[in-house]
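Some notes on the structure that comes next.
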Amino acid sequence: MHGPTDADGETLPEPPRARLATLVLCDLVDPPEGTDAGDPTQLARTRRHDDFVRGLLQAHAGTEVDKADGFLLLFERPSQALAFALDYRREAAVAIGDDPRAACVRAAIHVGEVLTWPSTPEARQRGARANTVEGLAKPVAARLFKLARPGQILLSDVAHGLLRRSAGSDARLRWRFHGHWALKGLAAPMAVLEVGEFSTAVTDEGESDM
């Protein structure tokens with residue numbers, strides 16, 4: 001069923017809706033230096049990665065917001081995002097066909113307010129995604145994600161606080177503090193943390209457990 005239309009008969013867009021949401025960014029780490037982006041082996045690897053992400057996304061009730069070099073995903077609850085990210089980190093290498101010992105993916109989780117609205121039928125016919133997501137949480141999540149190294153799942157301080165309350169007693173999880181970082185768009189430095197399972201978490205000398 002279409003909503004109200006304008007004088008030209010096109011469906012009027014719905015007003016944006018503010019909501020608190022959990023954003024996840026994830027991607028496949030770049031291939032070895034010197035590998036051509038158009039190499040058939042690399043293209044097949046990327047396709048397996050994308051299929052793997054979309055399968056996991058469906059299993060964890062998430063929504064794909066955007067896809068460029070990596071994925072921007074939306075979840076209703078931080079616990080769903082964490083379950084997705086842990087499965088992603090644990091299973092990616094085997095699903096993609098890489099060396100299971102290699103840290104071939106990375107991810108970041110942030111919780112913040114976003115504005116969402118559905119695309120009109122006409123916009124979707126012109127190639128628009130089903131829903132648009134905007135707001136400060138998006139660039140904050142993107143800047144957090146840029147700090148992630150292969151194998152890491154980074155958390156903003158907000159995401160960490162919510163997840164420690166809900167999953168902090170899980171003995172399989174390891175939490176790491178990476179200090180405070182000045183991120184563009186934020187008035188004060190933000191605490192950056194990492195979560196992982198003891199079997200897969202990446203750690204560095206000098207970082208502190210929490």
Side-chain angles (χ1 to χ4, degrees), residues 22-75 78 80-110 119 124-133 137-156 159 172-174 176 178 181 183 192-205 207:
T22 305
L23 297 171
V24 173
L25 286 98
C26 63
D27 75 358
L28 179 62
V29 174
D30 291 338
E33 188 175 351
T35 302
D36 191 292
D39 177 76
T41 300
Q42 177 58 22
L43 291 174
R45 179 173 179 259
T46 300
R47 186 170 61 251
R48 288 193 298 271
H49 169 266
D50 293 355
D51 290 343
F52 169 62
V53 169
R54 291 181 172 121
L56 271 185
L57 191 60
Q58 186 174 25
H60 292 288
T63 302
E64 181 179 337
V65 176
D66 200 7
K67 169 67 170 71
D69 292 335
F71 283 90
L72 173 60
L73 312 172
L74 194 72
F75 294 85
Q80 294 172 319
L82 177 60
F84 166 88
L86 292 173
D87 283 352
Y88 178 65
R89 171 69 181 88
R90 186 191 319 113
E91 302 172 14
V94 173
I96 296 165
D98 285 355
D99 183 341
R101 296 168 296 178
C104 63
V105 295
R106 58 180 181 158
I109 304 174
H110 175 55
S119 300
R124 289 196 293 272
Q125 289 176 358
R126 292 192 286 267
R129 293 191 177 274
N131 295 281
T132 298
V133 177
K138 276 182 65 175
V140 171
R143 286 159 190 152
L144 173 68
F145 180 61
K146 287 182 179 179
L147 301 177
R149 293 187 309 231
Q152 287 187 314
I153 302 171
L154 293 188
L155 308 173
S156 67
R172 298 171 301 171
L173 299 183
R174 169 185 224 165
R176 308 284 289 183
H178 289 284
W181 292 72
L183 301 182
V192 174
L193 302 105
E194 180 182 355
V195 64
E197 295 170 304
F198 276 96
S199 60
T200 58
V202 173
T203 61
D204 281 335
E205 187 177 353
E207 296 168 345

Would you name the heavy atoms of Ser156 and Leu193 that are closest together and state the gap between them? O-CD1, 4.2 Å

If every non-hydrogen atom of Glu194 is compared with every non-hydrogen atom of Leu154, which pair is closest and at what distance? CB-CD2, 4.1 Å

Residue pair Asp50 / Phe71, side-chain heavy-atom distance below 4.5 Å: yes

Closest non-hydrogen atoms of Ile96 and Cys104, given as atom of the first, atom of the second and distance, are CD1-SG, 4.3 Å

Would you indicate whether the side-chain heavy atoms of Trp181 and Leu144 approach each other to under 4.5 Å? no

Look at the aromatic rings of Phe84 and His60 and report parallel, tilted or perpendicular, splitting at 30° and 60°. perpendicular

For Leu25 and Ala142, which heavy atoms make the closest approach, and how far apart are they? CD1-N, 4.0 Å

Where Gln80 and Ala61 come nearest, the two heavy atoms and their spacing: NE2-CB, 3.8 Å

Among Arg106, Arg149, Lys146, the one residue meeting salt bridge (charged side-chain N to carboxylate O under 4.0 Å, His left out) with Asp27: Arg106

Arg54 meets the side chain to side chain donor-acceptor pair (under 3.5 Å) criterion, sequence neighbours left out, with Glu64

Among Arg174, Arg89, Arg90, whose side chain to side chain contact (heavy atoms under 4.5 Å, CB included) with Glu197 holds? Arg90

When every non-hydrogen atom of His110 is compared with those of Ala137, the smallest separation belongs to CD2-O, 3.5 Å

Should the heavy atoms of other residues, nucleotides or ligands under 6.0 Å from CG of Asp99 be counted, would the total exceed 12? yes

